[in-house]
A.B. asks: 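Got a structure for you, questions after.
Quick note on labels: first sequence line is chain A, next is B, and so on, each numbered from 1.
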Amino acid sequence: MAHINRENGVAAGRLDPTQVADNFTDLHPEYDGHEALVAADRCYFCHDAPCMTACPTSIDIPLFIRQIATGTPEAAAKTILNQNILGGMCARVCPTETLCEEVCVRETAEGKPVEIGRLQRYATDTLMASNSHPFTRADKTGKSVAVIGAGPAGLSCAHRLAMLGHDVAVFEARAKGGGLNEFGIAAYKSTNDFAQRELDWLLSIGGIEIRYGQSLGDGITLNALQSDFDAVFLGMGLTAVNALGMDGEDKDNVSDAVDFIADLRQASDLTALPVGRRVVVIGGGMTAIDAGVQAKLLGAEDVTIVYRRGQEAMAASSFEQELAQQKGVTLICNATPVGVEGNGSLTGVTFAYTETQNGKLVTLDETFTLPADQLFKAIGQKLGDTPDALTLEGGKIKVDDAQRSSVSGVWAGGDCASGGDDLTVTAVAEGRDAAMDIHATLMGAS
Amino acid sequence: MADLTSNFLGISSPNPFWLASAPPTDKEYNVRRAFEAGWGGVVWKTLGMEGPPVVNVNGPRYGAIHGADRRLLGLNNIELITDRPLEVNLAEMTRVKKDYPDHALIASVMVPCEEDAWKEIIPRIAETGCDGFELNFGCPHGMAERGMGSAVGQVPEYIEMVTRWCKEATDLPVIVKLTPNITNILHPAQAAKDGGADAVSLINTINSITSVNLDAMSPEPMIDGKGTHGGYCGPAVKPIALNMVAEIARNPGTHGLPISGIGGVTTWRDAAEFMALGAGNVQVCTAAMTYGFKVVQEMISGLSQWMDEQGYNSIDEIVGRAVPNVTDWQYLNLNHVTKARISQEDCIKCGRCFAACEDTSHQAITMSEDRVFDVKDDECVACNLCVNVCPVEGCITMETIAPGAMDERTGKPVADEYANWTTHPNNPGATAAE
C-alpha cells in the first residue's frame, strides 16, 4: 500500500514518488500505429463533414484521417497544422466531446464518435518526432510585426506571419513561452514538456524572435510598438483574476487556482509541491477542475469543488466533470461562499445554498461549513491593464471579424479579445485569422 | 431442424461444407482436425506424380488485400501442389477415410497430360478408399508453366480428353475443377461434360498481383526482389464465382451438370447463395485459412436456421432455386420503376449519398442547410449507388412505383405490362410485340 501523508495543513510529499508519477501520466495515452489504423478506419469520410464545421480552426478532419488510414500520418499532420499550427496541443486539450466528436456521425449512429482528438495527436506527434517542420517561409516582405504574448493566439499569429515572410518580435511577460499551454493546463494533458517542445518546433520555421520578460505597460507602450513595427497583435490573455471580495480572502493557504496550476506545471519535483489535506476549490470552469483534480492527484485526502449555480451551468464540460468525479473529487453545486474560517490559517469555508428563482440566483439562509486547509479560487480571469486607446467590450478588447481592434494597425485575439470561447483552439484560429488580415493589410490588398 | 446432409454425386457428407483442395487439406493432421471441427468433407491437397515431389519457394507464398480493420478480403498464393511424397499422402488418406467413413474424402489430382500418367495414378489413389476425384485443371501459377493446371483448363479439348481418360480408369465420381482464367466458362464446362465428368467445381483461383512493394519495386509476395502472379481467392472473388456458377447452371447445354461451388465462401449466407445459383455443395478455403476450422460452426448453424425459417427441409430444396431468375439484360423489365427512399429516422447525416449522387451520378439528392438529405424523384434513375455507399444498412431503400402512378422523371405513368429491350422502340433490332 502506498504511503499517504495525512498531516493537517498544507504539506509536501503526501504520496510516494511512484504514486505521484503514476497519477500524472498522460490522460489519453498516445495511439500506437495499429490502434491509429483501427480508429481511422471508422471514419466515414463524410461530405461537408460536421466535425470540420464544428472545429474552430476548420481542420479538414476527414482528409487527415484518410491520410492516416493510408499510411501517411505526416501528410495528415500537414493538413492539420495548415489550419492549426498548435494542432499537437489542441489534440491534447481540446474539449473534443463538445466540438468535433460531439457532431461525429458515428456519435449519432452508435454513441461512439471517431476519436478525432487522439488521431490528430497521432498525426502531429508522428510528424514532430521526425524533427521536421512542414512549412517554409515565403520571401521576406521587409515588414515587421510585434506580437504581445507567446500564448496560443500570439504563437499562431507569429507563425503564420513568419510563414508569409514577415519578421516577428514576440513580447512575452514570463520567462518561458507557451502561455496557458505551459502554465495553465493540467499536467496530465501535456506530459513530457510538450508545450515547450511544441514551441521550439513552431519557432523552427525561423523569423520569430521572442523577447522574454517584457510586457505591455511594463516599459513598452502601444505607441512605441506602433512606431517601431508595421503592425501589432495583442494576445496577452487574461492576466488578472477575479476575487471573492470577502473577509478572510487574505488568509494563509487561500490562493488563486491559476497560480497553483502554474506552480505545479513548473515544479521539477511534484512530491515537493505542498498541498492541503482538505482542499476546497471555488468555481465551475476548467480551471476549477484542473486545480481540484491535480490537488487530489498530489495526495489531498478530500477535494471539493463548489460551484454557485447548477451542474448544467458549469463551464467545465461533462467529460471534465466526470473526470473529476472519477478521480475522487466531490462536486457541490448551488452553493456560494459566505465565510472564510480560521485565525490566521484557514480552517474551513462556509457556504450558503443557492437557488435560481425567476432566472436569478438567490442565496438561501441555510449554510454549511467545509473543513479546509487550502482554498483555491477559480472564479474567472479578467483582462489586466490595457492601453486606454483600446475600446473594450464585455471586459475584453473589442475586435471585429478580422480581429482588428478599435486602434488602426492593432489586432487582437485569444482570451484577451472579444468573441471566442476562451479555448486554446479558438485562440489559435483568431491568431491565424489576424495574421492573414495583417498580411493583407501590409501587402496592400483590401 | 433442417437436414443439412449432403449427397453430392451420391457422396454422403454430414453437411455441404467441404474444405477445398488447398493448404488446409495437405495432411492427415489437418484433415482429422477439420472433420472434428465439423467440416462435411475435404478435397485433399492436389496429388502429383510419384517420384521426387515438387518444391515450393522458401519465401512468402501469400499476398493479401485488406478491408477496414485489416479484414482479409482477398488472398493470393503461389504455392504449388502437395510437396510431400505420394505414398505418404496415400497412406494418410487411407487412414483418415477408414476413421471417418461418413465424411467425404475427395482426391485432387494433377499429373502431366499423358494418358498413361492419369490411368496409372487414378486406380492407385482409389485404393485409399476415397469417395471420388477432382481433376485440378485450375491452378494458374507454377504448375501451369509445366503444362498442367490451368494450362489444361484453358484448352477445352484437353479437358475433355483427360476427363475421358479418368472416367475410363475409375467408377468413382470425377469432378473437373475449372479455371476462371478464361473468357467464357461455358466452353470448359461443356468440355468436362462431354468428357463424361460427373460434376464441375469452380472457381479455381484468378491470376493476380495483389500489390506492389513500392520500395523494392516488386510484386508481392516478393521472393528475393522478384514476384510472380499468383492465384486470387477469398471474399473478393465471390461475385465472379457466383456468375460463372450461374452461367453453367442456366446454360441449356450444361444445365443439370452438378456443380461444387467455390470462391470466397465465408459465411452460411455465401454458401446459400452459391447453392441457390445451382451449386450442390460448396468448397471453402480462405475463410478457414483466415479464421481457422471453427468457422464452419457458424456456417452450419446459420444455414440450418435460415432453412428452418424458410421452411426448407433439405439441401436439395435450395439447390438451383434462383437459377430461373438469372436472365440476360435484354429481358429485364424496363417498366419496373423504383425510386430511392431515405429514412430520416435512420439517417446519420454523413452525406455520402449526396456526394455520390451529386458528383458521380444524377444530381438527384438534395442537401439542406441542416443536413437533411432528400431524393428528387424527377431526377432519380434508381441507380442504387446511394444505397450502396450509405454506411447504415436499411437507411436508404428502393421503393417500387406502382403501375399507374406517375414517374416524376419521365412525366409518364408507370406502365402495367412487362416490356424489355427486345421490343423497345429505340432498339434497331427490336422484334414486333406479339
Side-chain angles (χ1 to χ4, degrees), chain A residues 31-55 58-76 79 96-116 118-119 122 130, chain B residues 63-74 210-217 220 235 340 342-376 385-396:
Chain A
Y31 280 143
D32 66 23
H34 169 72
E35 289 173 309
L37 289 178
V38 172
D41 267 341
R42 296 187 65 237
C43 175
Y44 283 141
F45 202 73
C46 294
H47 173 76
D48 189 15
C51 53
M52 193 174 160
T53 310
C55 175
S58 306
I59 292 171
D60 192 338
I61 294 166
L63 177 61
F64 94 66
I65 293 180
R66 191 173 170 85
Q67 288 167 320
I68 291 174
T70 54
T72 52
E74 296 82 3
T79 300
T96 51
E97 66 279 1
T98 62
L99 296 170
C100 52
E101 293 178 17
E102 182 181 45
V103 299
C104 174
V105 300
R106 294 202 84 138
E107 171 68 25
T108 312
E110 301 144 36
K112 277 186 194 157
V114 175
E115 291 192 302
I116 298 166
R118 291 182 77 186
L119 284 164
Y122 174 76
S130 70
Chain B
I65 293 292
H66 293 107
D69 202 7
R70 271 181 80 80
R71 183 176 293 253
L72 196 146
L73 299 182
T210 46
S211 61
V212 175
N213 182 320
L214 291 177
D215 295 318
M217 283 296 168
E220 295 279 15
I342 301 172
S343 160
Q344 299 302 335
E345 198 174 309
D346 295 320
C347 177
I348 60 171
K349 308 200 181 301
C350 70
R352 294 214 314 210
C353 58
F354 175 81
C357 191
E358 186 70 12
D359 289 357
T360 70
S361 294
H362 297 83
Q363 297 76 48
I365 294 180
T366 58
M367 174 179 170
S368 72
E369 284 280 314
D370 55 344
R371 300 184 73 82
V372 173
F373 300 91
D374 272 315
V375 176
K376 292 160 73 178
L385 183 62
C386 55
V387 174
N388 297 141
V389 302
C390 177
V392 180
E393 191 173 354
C395 175
I396 310 183

A.B. asks: Is Pro391(B) close to Cys350(B) at the side-chain level, that is, under 4.5 Å between some pair of heavy atoms?
C.D. replies: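 Result yes, sub-4.5 Å side-chain heavy-atom pair found.
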
A.B. asks: Check the pair Ile396(B), Cys353(B) against side chain to side chain contact (heavy atoms under 4.5 Å, CB included), reporting the backbone distance first and the verdict last.
C.D. replies: CA-CA 9 Å; Ile396(B) 310 183; Cys353(B) 58; 3.8 Å; yes

A.B. asks: Contact between Phe45(A) and Ile65(A) at the side-chain level, heavy atoms closer than 4.5 Å - yes or no?
C.D. replies: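 Heavy-atom side-chain distance check fails, nothing below 4.5 Å.
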
A.B. asks: What would the table of donor-acceptor pairs between chain A and chain B look like if you include every N and O pair under 3.5 Å, whether backbone or side chain?
C.D. replies:
from     : atom 1 : to        : atom 2 : distance (Å)
Asp41(A) : OD2    : Asp69(B)  : N      : 2.2
Tyr44(A) : O      : Arg352(B) : NH1    : 2.9
His47(A) : N      : Cys350(B) : O      : 2.9
His47(A) : O      : Arg371(B) : NH1    : 3.4
His47(A) : O      : Arg371(B) : NH2    : 2.8
Asp48(A) : O      : Arg371(B) : NH1    : 2.5

A.B. asks: Cys100(A): which residues meet the side chain to side chain contact (heavy atoms under 4.5 Å, CB included) condition with it, sequence neighbours left out?
C.D. replies: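 Cys51(A), Ile61(A), Thr96(A), Ile116(A).
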
A.B. asks: How close do Leu72(B) and Ala64(B) get, heavy atom to heavy atom, and via which atoms?
C.D. replies: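 Looking at all heavy atoms of both residues, the shortest contact is CD1-CB, 4.2 Å.
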
A.B. asks: Kindly indicate whether the side chain of Cys395(B), heavy atoms from C-beta on, has any atom under 4.5 Å from the side chain of Cys390(B).
C.D. replies: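 Yes - at least one pair of side-chain heavy atoms lies under 4.5 Å apart.
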
A.B. asks: Examine whether an atom of Pro62(A) lies under 4.5 Å from a heavy atom of chain B, and if so say whether it belongs to the side chain, the backbone or both; otherwise answer neither.
C.D. replies: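 For Pro62(A), there is no contact with chain B at all, as no heavy atom is under 4.5 Å.
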
